[in-house]
Each structure stands twice: as structure tokens, then as C-alpha cells.
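Heads up: the structure comes next, in C-alpha cells.
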Amino acid sequence: MFRKKESTTKDLTKGSLNITPKRIIAGLVIAVIGLIILIACKDLFYRLNGSGKSVLLKKMVLMYMGCFAIYEFSLFWQNKLSDTVNKVINIHIMEWYPVVCFVLTEMTVGTNMDLVNLNFKRYILNIALFMIIFYLVYVITVSIRISVISLTAFTVVFSTANIYLIRFRQIPLIATDFSVIRTALNVAVDYDYTPNAEILVLICFLIAIIVLSSKIKEPEGKAKNIRHRVVVTSCYLIFFAVMYNRTIGTDFLEQRHIMFNTFRPITSFMKNGSLLTFTKSIKLTIVDKPEGYSEKEIDKLIKDYPSDSVKDVDDKKQPNVIVIMDEAFSDLQSVGNFETNEEVIPFYKSLDENTIKGFSYVSVFGGQTANTEYEFLTGDTKAFLPENSTPYQLYIKEFMPSLTGNMELNGYGGNLALHPFEASGYNRISVYNNFGFSKFITMEEFENPTYVHGFIDDVSDFNKIISEYEKHKTSSDEPFYMFNVTMQNHSSYDMDYEDIPNTIKITDEKKRDDMAERYLNLIHLSDAAVKDLVEYFKKQDEPTIIVFFGDHEPSINDKFYQRIIGKDLDNLTDAESMELYKTPFFIWANYDIEEKYYDKVSMNYLHSIMLDAAGLELTGYNKFLLDMHKEVPVITVNGYFGADGNYYKVNDTTSPYYELVNKYNKLEYNHLFDVDDRRNAFFEYSK
């Protein structure tokens, strides 16, 4: 018995150091390289804290040094442990390495997740998700080494993507981002990809694990052992089924108050962990039928809203209709309190004659332009759809009644879509065809445009509107319709451009922000450009209506918003957060229309309001929406305001407007999803 114990002790000490002059020299070289990189990149390891003081990122420095310690250890250590001891080590790797990757992700992504006081169930669920990835690779390869490297690579890519997305838009990676990856690639070159300390640590860690994993010793022949593969695969499938049920297939997470914050997705990442929140976001792509939905119910709802006929259009002259969704056009001074040396949007503020204007609430912040576009053109709201889904990418696969199709039915010509950028963004080519646009004009058709901020500017964009209008009028007597999405003011705002003027300055030093000032100067240029466009159509004899609105607030750093609001964004109430989701709009005519001001309206109502103001025909859906607006003036994915002035969540069954909101949900479901049984006569003009 004594001799057997001695043998076991020897097994445990068989792992030995291989110290040779060459390895010592190599170790010194590695140490010097690590020190040189640390000195060269020292600025990355300092960051401003909340009070504006530069502080050393001690955790990142220690993690960086730890990576080089792994290099040194791997250089000198040889795995001469027995198969039994290696088997025990491999089992512990399978148990604990997912925990390492989980902690690494939270520390580098910077969600400030409380890893010490983290709710136990959230901790376990996050680790289990990392295990899902780890064990999947193991089931396929039956290799601990490959599984470790694969999970590390996933962790590095996932964490890096989150680091950049939080930097660019203050929203981490969510499942629906993959549906807009083509659009993201279109604008990817316009962002600053300078790595930070976290990314440097991630890269060093990946290299360290690849080096260290070469020391892993695996039993031979296991990959060919059918019995082992069957057992491992069976266990994995059971584990996967349980996790799917808990995270996606049921309301298990919701019942345990693990939610996805629609206003501030990053708060969900802080509270729940990055991978768990990302997995929770997968449900964004799933849309269920509304409560009580049926064809009979739809027929009941639409019977009081017949569509107007366009078979015999009146002799009255129909106005030209030009719609401009101006990229990120907003009034930041309506969001928070700060002063500037000059008025930022003087022309917009001066518009009053023959003008309907106000603030329109949208469902997106800092990005996802196509969702505002979708709400305006269809009259649908994102309120009934997964929070961060994009209908253009996910749902519109064939013809769908829209403002554009109805304008064509009403005798309008042109029917043009204009966007001075890549055509492929947000699947617009397909969607515009399904909406009924006759042509999609993109950046390739601009001759010698001027650029601001790296994009075709609003001056060139609006000149293109004029040239297309004049071209149409030389060949047709039909009223002209165009829908325009501009590009000039697209983020990011963290880089200096010589062509961005420095006219507008924030006068309060405590609220000054370089990104904000660049943005304000861009909006100032847009305001001047739209003034010239309006002045042009003032001189035209043809009656014309221009609808102008912004798609969302700009993606400027959170600290600026917090300074101008005077409150931490995470502490805003839901009603207060709605103020971050509004943009100015106007409907202007070069002839007499009734002036109005809307303090509260949402984007889904805007084209119905425009049609009504222009005296144009209305579909049954337009009529319903105008009635709906009287009771629920604002409805977005973030909630709604009732006519009583109170804020309600979309699914609040205690709201006095719940039944009306549910009716809207049913009609929208029929419009967007129930294609085979869609009541087109309700969504289109009567012929």
C-alpha cells in the first residue's frame, strides 16, 4: 500500500520544467516584448473616470501581465503527467474553463457587471451558455484542446464586437444585428477602430490559450470510440434542450425577472450578463398572433372604415408630395438644457405659415434608421414587434400595401426612392420593390456631388430632388411623389473632418462635448439646405407639400446626454426615457393649409396626418389611425402616451386604452404577417 501511494505521488510530480539556455533566452525575449508593448500602448491603460480624472486600469494591466506569464509557463513546462492525472485535469477544464470565459467577457466588455454579488441564477445561466458552445465543439471533435481554443476564439470575437458596438452606438450586440449586417458593413469604414486596453488583453489572451493548449494531453482513440461519442452526444442534446427551454422556448427568464430593457439595452447586459442577454434577444425575431386574432375579428374591426375611392379623382389639383427623412436630424435642446452661441436650426424654428410641425416620437435611438422609415411608409408601429427587430430585413418578403403603392393608385407619378448611399442597406432594394416604388436612386446616380463628414451632403441630396422633379414635369402632368432618406448626418461624430464647420459652439463649458458640437454643426448645415429647398418650391406654381422629419436622436456618448438632462440615464423613468426618442418634423405647403402644432405624435401616424392635411384620399387604415391618434397620440416600441397624458407599457392590460391598442395590434398583424388573408381593401384605396 505504501509503494502504491508513492507511485501516485510521483505521478503528480511528473510535470517538469525544461530549463535550457535557449529557453531562458526565449523567455527573456518574450518578457522584453511584453514590456515594450506595454510601454508603447501605455495610454490605452488609462481612462477618464466619472469626474474626468485619468485613472490606471489596474485589472487590465494585471490581465495583460497574466497573459505573458502564461507564455513563460508554457515555454518552460513539459506535460509529463500520467494519463490518469491528465484525465482529471481535462475534466476540470471542461467544468471550469467556461467560467473563465464568462468572467473574461464581463471584465473586458465593460458592462460593470457585479461578479461578486451577481444573482446566482444569472451566474449559472451565463456559464451554462458558455458550456453550450464549449461542449458543442467537443461533441463534434472529441478534443479538449480544440474546444478550449474554439471557446476562447468565440469569447474574443463576441467581446470585441460588444466593445466596438457599445463605443459606436451605446448598444451591445443583439441577435437582430445579424439581420442588418450588410448595412453595418456599408458604414463600417466610417468608425474609429482604435483598439483599447480590453481588446489588447483579449488578443493576448487568445494567443496565450493557443500556446498553453498545446500542453493539453488527451487520451488516444477516444474520437473513434463510438460508445463514447453516443454518450457524449446524448448528454449534450439533453443539456441543449433544457437550456433552449429555459432561455428561448418558454417564459422561464421573464418569470424570474430576467428582462430585456428596450430603452437601455446595456442595462440588461449589466444586470444579466452579456451572453445571457444576447440569447434573450433571440426572442426578438419571434412574433406571435395578437390575443383574439381571427379573420372574423379583422372583418369586424374594418367594417366601419371603408377606404376612399380613387376611381374618379376630383378635378382638384393634387399636390406634389416630397417626403424627406433626414438622417439623425433632431433638436437636442428639446432633450436637455444647454445653450449655444447661435441658433442651431433657425429655419425650422422660423417655419409657421402653411406649416404643421412638432415632435414625432420614434422607436429607435442612434441607429436602425429603417425602422422609422417602416413606421412612416406603412402606418404600422414597432410597438407590437420585437424591440430591436428590423421589419425590412425580417418580415417584408413580398408585396405590401404602403403609402407609396397608394400614391401610385391615386394617380401620382415619379414614385421615386432616393438615398445617396449604397443601395444594399437594410434590404431596401427588395423592400422598395414590394412597396411599389418605380425606381431607387442611389449614390451612383449623383454627378459631382459635394461631401460633408464623408457622405454626400444634404445640399447635393436636395438638388437631386429638384432635378428629378423638373425632369418629371417635362414629361408628365401627373403629380410628383418622392421619398428621400438622407445620409449627411450619419454617425459617428468622434472624428474630426475639415468640412464640418465650427460655427455652433456649446457655451457652457461643463456641458461642452466635441462629438455633440460636430453633430450640431452638421444639423445646422441641414437646416440651411432644407431652407433652400423650401425657397425653391415657394416659387413653383405647382402645389407642393414637403414632409420633413428626423429618424432618430444622434448616437453621442452617454455622458453628454447625462450632463444636459441632469440625471443618470439609467435612473430615468420610462416616461422620461421617451424624450430620448423624439425628433422634430414639419409638413409644409406652398399653398394654404391649416397651421397646427403637435407636441405629441408618433411616426406611424405621420403620413395619415399628411394625407388629411393635403385633402387627399384616405384608406380605411388611415382613417383608423387618425381616430387612434386622438386616444393614443404616441405609440412606439418603448410604450405609449394616452390622451390622459399618462405613460403606459404596450402590454399593460390595466390601461384604459388596452382594448384599442389590441385592435391596432390585430390590424397590423393582418397587414404585415397574414399575407394570404390580408384585407388589402382596408389598406389600399378603393378602385
Has [X] got a side-chain atom pairing as donor or acceptor with [Y]'s backbone, closer than 3.5 angstrom?
X	Y	value
S159	T108	no
T233	V230	no
N638	M578	no
N272	T277	no
R122	G273	no
R145	I216	yes
Y561	I556	no
D652	Y648	no
H552	Y581	no
S213	I210	yes

Spacing of [atom1] belonging to [X] relative to [atom2] belonging to [Y], to within rounding of 0.5 Å:
X	Y	atom1	atom2	result
E106	Y123	CD	OH	10.5 Å
K215	N86	NZ	CG	12.5 Å
M603	T381	CE	OG1	11.0 Å
I396	S430	CD1	OG	8.5 Å
Y392	Y374	OH	OH	9.5 Å
N557	Q562	CG	CD	9.0 Å

Tabulate below the donor-acceptor pairs under 3.5 Å that side-chain atoms of residues 95-104 make, not counting sequence neighbours, or state none.
from : atom 1 : to   : atom 2 : distance (Å)
E95  : OE1    : H92  : ND1    : 3.3
Y97  : OH     : T152 : OG1    : 2.4

Looking at K59, I want to see if its NZ is surrounded by more than 12 non-hydrogen atoms of other residues, nucleotides or ligands under 6.0 Å.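 Counting neighbours around NZ of K59, 12 or fewer heavy atoms of other residues, nucleotides or ligands fall under 6.0 Å, so no.
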For the aromatic rings, using the six-membered ring if either is Trp, is the centroid distance between [X] and [Y] under 6.0 Å?
X	Y	value
Y647	Y640	no
F338	F560	yes
Y138	F134	no

Less than 4.5 Å apart, any side-chain heavy atom of [X] and any of [Y]?
X	Y	value
I70	S74	yes
R428	V485	yes
S577	L572	yes
L275	F154	yes
F384	I635	yes
I500	L522	yes
L200	N196	no
I37	Y64	yes

Tell me the closest heavy-atom pair linking [X] and [Y], and the distance in Å.
X	Y	answer
I132	F240	CD1-CA, 3.8 Å
V201	C67	O-SG, 4.1 Å
M515	S555	CE-O, 3.8 Å
E327	N489	O-CB, 3.0 Å
F365	P554	CZ-O, 3.7 Å
N371	T390	OD1-CA, 3.4 Å

Whether F278 and F158 hold their rings parallel, tilted or perpendicular, with breakpoints at 30° and 60°: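 F278 and F158: perpendicular rings.
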Look at the rings of Y71 and F68 and say which category their plane angle falls in: under 30° parallel, 30 to 60° tilted, over 60° perpendicular.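 Judged by the thresholds at 30° and 60°, the geometry between Y71 and F68 is perpendicular.
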Go through the steps to decide whether L202 and T160 satisfy the test side-chain contact (heavy atoms from CB on, under 4.5 Å), and finish with yes or no. CA-CA 8 Å; L202 286 166; T160 301; 3.7 Å; yes
With sequence neighbours excluded, give me every salt bridge (charged side-chain N to carboxylate O under 4.0 Å, His left out) pair touching residues 230-249.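 Salt bridge (charged side-chain N to carboxylate O under 4.0 Å, His left out) check on residues 230-249 returns no pairs.
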Going by the salt bridge (charged side-chain N to carboxylate O under 4.0 Å, His left out) test, which pairs reach into residues 146-159, not counting sequence neighbours?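 As it turns out, there is no salt bridge (charged side-chain N to carboxylate O under 4.0 Å, His left out) pair with a partner in residues 146-159 once direct neighbours are skipped.
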Are [X] and [Y] within salt-bridge range, i.e. N to O under 4.0 Å?
X	Y	value
R47	E198	yes
K582	E553	no
R167	D494	no
K559	D513	no

Taking only residues two or more places apart in sequence, or in another chain, which ones meet Y135 in a ring pair (Phe, Tyr, Trp, His ring centres under 6.0 Å)?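 Here no residue qualifies.
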Tell me every residue that passes ring pair (Phe, Tyr, Trp, His ring centres under 6.0 Å) with Y46, counting only those two or more places apart in sequence or in another chain.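 With sequence neighbours excluded, Y46 shows a ring pair (Phe, Tyr, Trp, His ring centres under 6.0 Å) to no residue whatsoever.
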Go through it in stages, so that I can follow the logic: the residues are V431 and Y426, the test is side-chain contact (heavy atoms from CB on, under 4.5 Å), and I'd like the CA-CA distance, side-chain angles, deciding distance and then a yes or no. CA-CA 9 Å; V431 171; Y426 288 112; over 6 Å; no
What do the steps show when you test L520 against L332 for side-chain contact (heavy atoms from CB on, under 4.5 Å), and what is the final call? CA-CA 8 Å; L520 293 172; L332 288 179; 4.0 Å; yes
Test salt bridge (charged side-chain N to carboxylate O under 4.0 Å, His left out) applied to E375 and K382, step by step: CA-CA 7 Å; E375 289 186 317; K382 277 291 300 326; over 6 Å; no
For [X] and [Y], test the side chains for any donor-to-acceptor distance below 3.5 angstrom and give the result as yes or no.
X	Y	value
D551	T369	yes
E517	Y493	no
T583	Y361	no

List the steps, then state whether side-chain contact (heavy atoms from CB on, under 4.5 Å) holds for K510 with R563. CA-CA 8 Å; K510 293 182 179 180; R563 288 196 297 268; 5.7 Å; no
Residue list, side-chain contact (heavy atoms from CB on, under 4.5 Å) with K42, at least two apart or on another chain: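 K42 satisfies side-chain contact (heavy atoms from CB on, under 4.5 Å) with no other residue.
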